[in-house]
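Please read the structure below before turning to the comments.
Lettering of chains follows the sequences in order, A, B, ..., and the numbering in each one begins at 1.
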Protein chains: 2
Amino acid sequence: MAKPLRADAERSVRAILEAAEQVLSHDSGASMEQIGDAAGVARTTVHRRFANRQTLIDALAISAIQQLAEAIEEGRPDTAPPLVALYRVTANVLKTKNAWKFTLGNPTSDTSAAASIWERINTRCMELLTRAQREGLLDAAADLEWTRQVYYALMSEALQRPTPGSEAAETDARAELVVDTLLYGAGRRTQ
Amino acid sequence: MAKPLRADAERSVRAILEAAEQVLSHDSGASMEQIGDAAGVARTTVHRRFANRQTLIDALAISAIQQLAEAIEEGRPDTAPPLVALYRVTANVLKTKNAWKFTLGNPTSDTSAAASIWERINTRCMELLTRAQREGLLDAAADLEWTRQVYYALMSEALQRPTPGSEAAETDARAELVVDTLLYGAGRRTQ
DNA sequence: ATGAATTGCAACAGCTATGTTCCAGTTAGT
DNA sequence: ACTAACTGGAACATAGCTGTTGCAATTCAT
């Protein structure tokens with residue numbers, strides 16, 4: 001159906017998507033022209049590739065969430081030991097979410113295919129948490145829905161911290177912070 | 001300077017502010033007319049009371065943050081024992097934040113007087129956390145800036161949970177959940 | 001090198017929100 | 001009861017964004 005785009009056009013599409021992510025993360029109501037400018041492309045070209053503003057945002061959402069899903073799978077959430085999986089998944093998600101701060105930060109009205117991927121991600125996460133609970137990593141009385149919600153929130157918050165160090169090292173440090181906080185909180189540790 | 005408004009006008013102002021809060025929490029780009037409709041007031045009246053859209057939003061921010069500051073002070077954060085203060089402050093903040101979900105949920109560009117109040121609130125929070133740490137409620141190694149960030153996030157998340165029970169009881173339940181999670185996380189409890 | 005695809009630019013139409021003004025009718029304060 | 005303030009409604013001007021079209025110039029594929 002869809003003819004393969006010329007190298008030209010494909011570059012434009014990528015540039016537009018990345019620019020849209022950047023611009024919209026600052027101002028979710030930014031105009032198509034602002035996005036085009038940021039992409040180094042005329043506004044008409046944006047409209048040529050994405051008929052509607054909505055179409056663009058949908059494409060953005062799908063692109064972002066697919067990358068997120070891949071990042072999660074790379075953490076082997078269902079084969080590695082829970083704690084290891086948790087660390088790996090967290091680090092991977094942090095890396096991806098950092099690049100897609102807008103799209104993944106705002107709870108978009110996912111009427112499109114993005115919604116199904118979201119559901120799968122949520123299910124995946126719950127499976128991991130359930131396993132962690134069974135193996136004693138999480139408290140038996142923990143509310144897993146709430147735990148998942150907190151887990152997501154902690155990752156979002158960790159990304160808003162100033163990043164003094166290098167790139168990769170900082171991601172690991174953040175992952176450790178998130179997992180540590182999720183498991184033990186800020187209260188006094190029993191030694 | 002500012003002449004006292006007639007009872008009429010004052011009612012309108014309040015109605016507009018409350019309606020704006022409601023409408024904007026659903027759609028941050030809602031029009032002045034939508035706000036006017038929700039307030040049971042003509043669009044022109046909205047413009048009479050708030051010259052700009054920005055003026056309205058600023059007023060909203062100030063109104064909300066003042067209520068938040070008051071709610072915090074009512075928790076006696078610097079006289080009550082840390083744990084008690086933490087519970088009370090949390091419950092009060094949850095109640096207020098629930099009524100001002102939009103304004104307090106979005107990190108507005110606070111160029112106005114709201115910024116100074118925010119700073120004071122943050123300072124107040126840090127004082128409480130510092131005291132809690134000194135008295136052994138928080139771990140000596142805890143990063144208090146991060147703890148505060150997590151604390152705020154937990155409150156926001158708690159408000160997004162479905163509220164099955166009554167009004168007041170639910171607020172207390174949420175406060176307990178927040179404090180408990182902040183202190184101990186979801187990990188296995190040592191008995 | 002040749003044709004097809006792509007792009008920038010300019011122009012256009014349509015829509016929506018904003019902000020203002022005017023005026024007649026209502027409401028509050030004294 | 002009288003005045004001043006307030007309100008709704010309509011009308012108007014303005015501005016900005018959206019989406020479309022046409023065309024000349026460029027770039028890619030083969």
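Among C:dT6, C:dG19, C:dG8, the nucleotide with an atom closest to any side-chain atom of A:R49 is C:dT6. For B:T45, counting side-chain heavy atoms from C-beta on, the closest listed nucleotide (D:dT18, D:dT7, C:dT6) is D:dT7. Nearest nucleotide to the A:S31 side chain, out of D:dT18, C:dT18, C:dG8: D:dT18. Of all nucleotides listed (D:dG19, D:dC28, D:dC6), D:dC28 comes nearest to the side chain of A:R11.
Using a 4.0 Å heavy-atom criterion, one finds that A:T44 contacts the bases of the nucleic acid, with or without backbone contacts as well. Looking at heavy-atom distances under 4.0 Å, B:G40 makes contact with sugar-phosphate atoms alone, never a base.
Nearest-nucleotide positions on DNA chain C for B:F50 and B:D8 put B:F50 closer to the 5' end. Residue whose closest nucleotide on DNA chain D sits further toward the 5' end, between A:M32 and A:R6: A:M32.
For the pair A:H47 NE2 and D:dG22 P, the interatomic distance rounds to 17 Å; values are reported in whole Å. Going from atom CG of B:L56 over to atom P of C:dA17 covers 16 Å, rounded to whole Å. The separation between B:L5 atom CG and D:dA4 atom P is 18 Å, rounded to whole Å. When rounded to the nearest whole Å, the span between CG of B:D37 and C1' of D:dG9 equals 13 Å.
OP1 or OP2 of C:dG19 sits under 4.0 Å from a side-chain N or O of B:N52. Residue A:R53 has a polar side-chain atom (N or O) positioned under 4.0 Å from OP1 or OP2 of D:dT18. A sub-4.0 Å separation between OP1 or OP2 of C:dT7 and a side-chain N or O of A:S12 is present.
To the nearest 0.5 Å, the span separating CG on A:D78 from CG on A:L128 amounts to 8.5 Å. Separating the CG atom in B:L17 from the CH2 atom in B:W100 is a distance of 6.0 Å, to the nearest 0.5 Å. Here CD of A:Q133 is found 6.5 Å from OG1 of A:T130. Values are rounded to the nearest 0.5 Å.
Donor-acceptor pairing under 3.5 Å, judged by distance alone, is absent between the side chain of A:R48 and the base of D:dG19. Side-chain N/O atoms of B:R43 and base N/O atoms of D:dG9 include no donor-acceptor pair closer than 3.5 Å.
At least one side-chain heavy atom of A:L137 sits under 4.5 Å from a side-chain heavy atom of A:L183.
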Next on the checklist: Assess the residue pair A:D143 and B:L177 against the criterion (side-chain contact (heavy atoms from CB on, under 4.5 Å)); give the C-alpha distance rounded to whole Å, side-chain angles, the decisive distance to 0.1 Å, and a yes or no.
Outcome noted: CA-CA 10 Å; A:D143 177 341; B:L177 184 62; 5.8 Å; no
